[in-house]
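Note sheet for the following structure.
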Amino acid sequence: MSGSGRPRLGLASLGYLGPAGSFSEEASIAFYPGARREPFPSIAAVAQAVEAGRVDGGAVPIENSIEGAVTSTLDLLIHESRLVIFDEAVLPVHHNLIASPGTRSEDVRTVYSHPQALAQCRRYLEERLPEAEPLAALSTSAAVASLAAEPGSAAIGTLRAAQIYGAEILDREIEDNPNNQTRFVVLSHADHEPVGRDKTSLCFTFDQDAPGLLHSVLECVLAEGVNMAKIESRPNKLQLGRYFFLLDIEGHRTDAKVARALECIHRRVDKLKMLGSYPRHRP
């Protein structure tokens, strides 16, 4: 429920970055427990499934409290898709060292996981498994699923993945920072109606480089008394040193003051793309 008492809209089916047992699956369950869930091998594949109508929405990671932005999701929203953000949730992240039954820690020579998970357990791997080579996988669950095919390997993944694929837990909660959290979003064809506790995401770029351009955009937000939740940048993929700026502001795009701020921003930038209005996560 939102702060205004209006319910969030639900979706009947959700795609997620799989296979089963991934953090994205956990997020999809947290979003809508009753929805039909379907795994896909990559963030791009999740988006393609939504675009093709195979599922109503797609749960994908967008930001981690330790490693920052999930750039593949941001770049997809900016450059590659017309999908928008329908909802968001923030989940605690606990990583576990997982191996095939009978494997001992001293036997491990390679550790597979998603690059974000490997980065979030970097200190643990350096101190506890200094001889093991970290290798990237498409997802944490895919890493656990592949363990049986390679003796002497381990994976970093969820307790659910270990249970699903018949693996053993060698060590629990090995993340370097106990406050590790990941923000997930649901991508869909349309964003969410207002619920009274909303957030709006957008991106924009300039056709020139001059002093004060970014400041002029932020003035649009400040003038309306709208709270800015986050700002970051991504390369525009056309020219070195030129960027898209991503901005999260509180409020729904249909709110009067947010609408005025957006119209002001539109007049001051070269390109403006709305990435969606949706309910803000509530802990």
Note to self: Determine whether a donor-acceptor pair (N or O, by modelled atom type, separation under 3.5 Å) exists between the side chain of Asp255 and the backbone of Val258.
What the structure shows: no

Note to self: Just verifying a value: how many Å separate Cys203 SG and Ile78 CD1, rounded to the nearest 0.5 Å?
What the structure shows: 5.0 Å

Note to self: Could you report the tightest heavy-atom contact between Asp248 and Ser201, atom names first, then the distance?
What the structure shows: OD1-OG, 2.7 Å

Next item on the list: Check the surroundings of atom NZ in Lys271: do more than 12 heavy atoms from other residues, nucleotides or ligands lie under 6.0 Å from it?
Entry: no

Check: Going through the checks in order, is the side-chain contact (heavy atoms from CB on, under 4.5 Å) test met by His94 and Leu159?
Finding: CA-CA 9 Å; His94 296 300; Leu159 297 177; over 6 Å; no

Check: Does the Arg280 side chain pair with the main chain of Gly251, one donor and one acceptor, at a distance under 3.5 Å?
Finding: no

Check: Ring centroid separation for His95 and Phe23, is it under 6.0 angstrom?
Finding: yes

Notebook entry, point to check: Is the His192 ring parallel, tilted or perpendicular to the Phe86 ring (thresholds 30°, 60°)?
Noted result: tilted

Notebook entry, point to check: Is there a donor-acceptor contact under 3.5 Å from the side chain of Asp75 to the main chain of Ser72?
Noted result: no

Margin query: Tell me if a side-chain donor or acceptor on Asn96 pairs with a main-chain N or O of Leu170 at a distance below 3.5 Å.
Written below: no

Note to self: Which heavy atom of Val55 sits nearest to which heavy atom of Arg36, and what is that distance?
What the structure shows: CG1-NH2, 4.2 Å

Next item on the list: Report yes or no: do Glu51 and Ser81 form a side-chain donor-acceptor pair below 3.5 Å?
Entry: yes

